[in-house]
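Have a look at the structure below before the remarks.
Just so you know, these numbers come straight off a predicted model, no measurement behind them.
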Amino acid sequence: MSPRLGILIIIGVTLWRIVTLHFDTTDLFVDEAQYWFWSQNFDFGYYSKPPMIAWVIRAMTELSGSTAIFWIRLCGPLVHMASAFVLMKLAKRFVSPEIEGWTGVTYITLPGVALSSVFFSTDVILLFFLAVALFAYFGLTRQRSIALALLMGVAFGCAFLSKYAILFVVPGGLIALLLLPMARISWRDFFISAATAIVVAAPNLWWNATHDATTIKHTTSIAHWSGLSLNVGHGIEFFAAQFGVVGPIVFFAILWAVYRALRGQGGPIEKLLIWLSVPVVLLITFQALIAKAYANWAVTAYVAGTILAVWLLHRVWPKGLRVSFAINGTASVLFPLAAIFAHQLVLPNGNEVMKRYLGRSAVSREAGDLARQAGTAIIVSDSRDILADMYHTLRNEPLKIYARPPAEAPDNYYEQTFALPNTVSDDVLFVTTQPFECAEPPQTIKSWQPSEGYYRGNMIYAYKVKASCLAASK
């Protein structure tokens, strides 16, 4: 595939995603809504993630002059397109010009990329900065360069500000430096890059130091290291899920490259790409074996991993590139359509295929109506999901929204930063998913069971209560 054709396909896929995004019928997922809310409250760190995604969303919404879902999610396909172009140049300059087009097309059609082009996530920005960092790194393996060292440091630091998962690449990279002469860069460039990365990451490190290491503690808590136990099934499930994250042919090609390397058949560039990708998969598979891991936790493996797979398939099984493009390209077309017809795609049990992306805004709008009915302009909830959507859906309403004050350490950003102040003494509308009792009996405004989406089959309760009741009785 020629570079020109590759660029045309990347642009075509991106335009398809942008056009279909305009007709998307899903609500913001709880994380997306949270990232948007962060973007309205500038900081150098947040409860569960570093700040880059909030900064990117804020930049997009400021440029567009809109906080609509379309503009929040538009960052996804645009940033992925940029990543594909960076990978094309990396492959051309440091691996082989023959795979430039296929590298970009393979990346832009990865199932994981297709999904995160519909629903915006921190992985999108992380992969872009990692691609830039690797471009600079490969350049430093060829020549000493202060400019490239600075670029690598800035990109790595920005990747750290996007998601701490960038650190998963480090062990394999360090091993490559020790074992492969071609992987080494000058000590001067190494220290310049490392120092630059630390300077870029410093604001978030400072934020954690002044906020009781909130983000770091949350990151370690979701890894479930406190309850370690061997579970082979979880490890197999995570490993098998990688065939879905990047597509069966691409992941098979990565494993094939490892097999060839073990037999002494891989060249130096192939071995370097293996060290920059496969250790991440192995590390997170081990995490899944002893605790818990989500399928996307190994996503940093697939920047170098995509180039590795394309390079192998191009030389050993060229037809595999076309088969992979057919499979992953089909998924890239279907994912946006699923978001358009989200209400029509229903499983036999009555649940929508896109259930967790539906029904959230309806609950928020109902809560807003009930607050007006109850004669209060203050809504409080103890549900992170409900709070996340209410802040976005009701953003233009004359309402104040708070989290129920936590009895102990906060469980989320809303409890940490936007808990109901103890200075509020008026009646509030308390929206919750559990029955509520208080010393002063609350007035039930409404209890209902949504008929579709995420809350389908679950009860939601709206009470008019004294603010002091919530503060005292959790």
Practice prompt. Find the distance between CZ (F243) and CD1 (I254) and round it off to the nearest 0.5 Å.
Written response: 9.5 Å

Item to complete: Ignoring hydrogens and angles, tell me if any N or O in the side chain of K466 forms a donor-acceptor pair with the backbone of D427 under 3.5 Å.
Response: no

Item to complete: Under the ring-ring contact (aromatic ring centres under 6.0 Å, His included) rule, what do F94 and F135 come out as? Steps first, then yes or no, please.
Response: CA-CA 9 Å; F94 304 113; F135 179 87; 5.7 Å; yes

Worksheet entry | Flag side-chain contact, heavy atom, 4.5 Å: L110 against V245 | no

Practice prompt. Would you check if V363 and W448 make a side-chain contact, meaning some heavy-atom pair closer than 4.5 Å?
Written response: yes

Fill in: Minimum-distance pair of heavy atoms, taken over all atoms of E415 and A409
OE1-O, 4.5 Å

Discussion item. Is the shortest side-chain heavy-atom distance between R356 and F29 below 4.5 Å?
Written reply: yes

Discussion item. Quick check against the 3.5 Å criterion: does S83 have a side-chain atom that pairs as donor or acceptor with the backbone of V79?
Written reply: yes

Discussion item. Main chain of T20, side chain of D24: is a donor-acceptor contact present, judged purely on distance under 3.5 Å?
Written reply: no

Fill in: E366: partners by side-chain hydrogen bond (donor to acceptor under 3.5 Å, both in side chains), with sequence neighbours left out
K446

Response to the item:
CG of L429 to CZ of R372, rounded to nearest 0.5 Å, is 11.0 Å

Worksheet item: Under 6.0 Å between the ring centres of F160 and F156?
Response: no

Practice prompt. Return the set of residues passing ring pair (Phe, Tyr, Trp, His ring centres under 6.0 Å) with W36 (not counting sequence neighbours), or none when no residue passes.
Written response: H392

Worksheet item: Could you go step by step and tell me if R404 and F436 meet the side chain to side chain contact (heavy atoms under 4.5 Å, CB included) rule?
Response: CA-CA 13 Å; R404 187 179 181 186; F436 175 72; 3.6 Å; yes

Item to complete: Would you check if D382 and F430 make a side-chain contact, meaning some heavy-atom pair closer than 4.5 Å?
Response: yes

Discussion item. Before you tell me yes or no, could you show the steps for R73 and S116 under side chain to side chain donor-acceptor pair (under 3.5 Å), namely the whole-Å CA-CA distance, both residues' side-chain angles and the distance that decides it to 0.1 Å?
Written reply: CA-CA 9 Å; R73 287 177 170 167; S116 55; over 6 Å; no

Worksheet entry | Side chain proximity check, T14 to P77, heavy atoms < 4.5 angstrom | yes

Worksheet item: With the threshold set at 4.0 Å, does a side-chain nitrogen-carboxylate oxygen contact exist between K89 and E100?
Response: yes

Worksheet item: Do any N or O atoms from the side chain of Q242 and from the backbone of A295 form a donor-acceptor pair under 3.5 angstrom?
Response: yes

Worksheet item: Is there a donor-acceptor contact under 3.5 Å from the side chain of Y46 to the main chain of D43?
Response: yes

Discussion item. Test side chain to side chain donor-acceptor pair (under 3.5 Å) on K49 and Y47; report intermediate values, then the result.
Written reply: CA-CA 6 Å; K49 294 287 191 303; Y47 181 85; over 6 Å; no

Worksheet item: Looking at side-chain heavy atoms only, is the closest gap between F325 and T109 below 4.5 Å?
Response: yes

Worksheet item: Hey, what's the ring geometry for Y357 with F119, parallel, tilted or perpendicular (30° and 60° as the breaks)?
Response: parallel

Discussion item. Run the salt bridge (charged side-chain N to carboxylate O under 4.0 Å, His left out) test on E452 and K355 for me, step by step, so that the C-alpha distance in whole Å, both residues' side-chain angles and the decisive distance to 0.1 Å come before the verdict.
Written reply: CA-CA 8 Å; E452 67 169 11; K355 174 180 178 178; over 6 Å; no

Practice prompt. Test the R58-F42 pair against the cation-pi criterion, namely NZ or CZ under 6.0 angstrom from the six-membered ring centroid and within 45° of the ring axis.
Written response: no

Response to the item:
In terms of heavy-atom contacts, P450 and I460 come closest through CG-CD1, 3.8 Å

Fill in: Separation between CD1 of I327 and CD1 of I249, rounded to the nearest 0.5 Å
4.5 Å

Worksheet item: Judged by atom type as modelled, is there a donor-acceptor pair below 3.5 Å linking the side chain of Q449 to the main-chain atoms of M459?
Response: no

Discussion item. Under 6.0 Å between ring centres: does that hold for F239 and F251?
Written reply: yes

Item to complete: Count the heavy atoms belonging to other residues, nucleotides or ligands that lie under 6.0 Å from CZ of F286, then report whether that count exceeds 12.
Response: no

Worksheet, complete the sentence: Here the pair of heavy atoms bringing D389 nearest to S364 is OD2-OG, 2.7 Å

Worksheet entry | Of W38, Y402, Y391, the residue whose pairing with Y414 passes ring-ring contact (aromatic ring centres under 6.0 Å, His included) | Y391

Response to the item:
In this structure, CG of L470 is separated from CG of N422 (nearest 0.5 Å) by 13.0 Å

Worksheet entry | T25 (side chain) donor-acceptor with I340 (main chain) under 3.5 angstrom | yes

Worksheet item: Taking the six-membered ring of Y454, is the NZ or CZ of R360 close enough (under 6.0 Å from the centre) and on axis enough (within 45°)?
Response: yes

Item to complete: Could you tell me whether Q344 atom CD has more than 12 heavy atoms of other residues or ligands within 6.0 Å of it?
Response: yes

Item to complete: Grab the two heavy atoms, one from M390 and one from S381, that are nearest each other, plus how far apart they are.
Response: CE-CB, 4.1 Å

Item to complete: Find the distance between CD1 (I125) and CG (L161) and round it off to the nearest 0.5 Å.
Response: 10.5 Å

Practice prompt. Run the numbers on V113 and R17 for side chain to side chain contact (heavy atoms under 4.5 Å, CB included), then give the verdict.
Written response: CA-CA 11 Å; V113 168; R17 288 169 177 168; 3.9 Å; yes

Worksheet, complete the sentence: Heavy-atom nearest pair, T306 first then T103, reads CG2-O, 4.0 Å

Worksheet item: Could you walk me through whether M1 and I9 pass the side chain to side chain contact (heavy atoms under 4.5 Å, CB included) check?
Response: CA-CA 11 Å; M1 179 182 291; I9 291 175; 3.7 Å; yes

Worksheet item: Going by an N to O cut-off under 4.0 Å, is there a salt bridge joining D411 and R384?
Response: no

Worksheet entry | 4.5 Å side-chain heavy-atom contact, Q373 and I445 | yes

Practice prompt. Report, as yes or no, whether the 6.0 Å neighbourhood of atom CZ on R93 holds more than 12 heavy atoms from other residues, nucleotides or ligands.
Written response: no

Worksheet item: Are the side chain of E352 and the backbone of G453 linked by a donor-acceptor contact shorter than 3.5 Å?
Response: yes

Practice prompt. Please assess I378 against L399 for the test side chain to side chain contact (heavy atoms under 4.5 Å, CB included), listing each intermediate value before the final yes or no.
Written response: CA-CA 6 Å; I378 300 175; L399 297 167; over 6 Å; no

Item to complete: Might you confirm whether atom NE2 of H234 has over 12 heavy atoms from other residues, nucleotides or ligands at distances under 6.0 Å?
Response: no

Worksheet item: Are the aromatic ring centres of Y35 and F120 under 6.0 angstrom apart?
Response: no

Worksheet entry | pair L127-V299: side-chain heavy atoms closer than 4.5 Å | yes

Worksheet item: In terms of side-chain heavy atoms, does D27 have a donor or acceptor partner in S361 at a distance below 3.5 Å?
Response: yes

Discussion item. Between N208 and N204 (side chain of the first, backbone of the second, donor and acceptor by atom type, cut-off under 3.5 Å), is there such a pair?
Written reply: yes

Response to the item:
Here the gap from L387 atom CG to N412 atom CG, rounded to the nearest 0.5 Å, amounts to 7.0 Å

Fill in: Check: F128 ring centroid to H80 ring centroid under 6.0 Å
no

Worksheet item: So, the side chain of Q287 versus the backbone of K292: is there a donor-acceptor pair under 3.5 Å, distance only?
Response: yes

Item to complete: Could you pull out the closest heavy-atom pair between F168 and V280, with the gap in Å?
Response: O-CG2, 3.4 Å

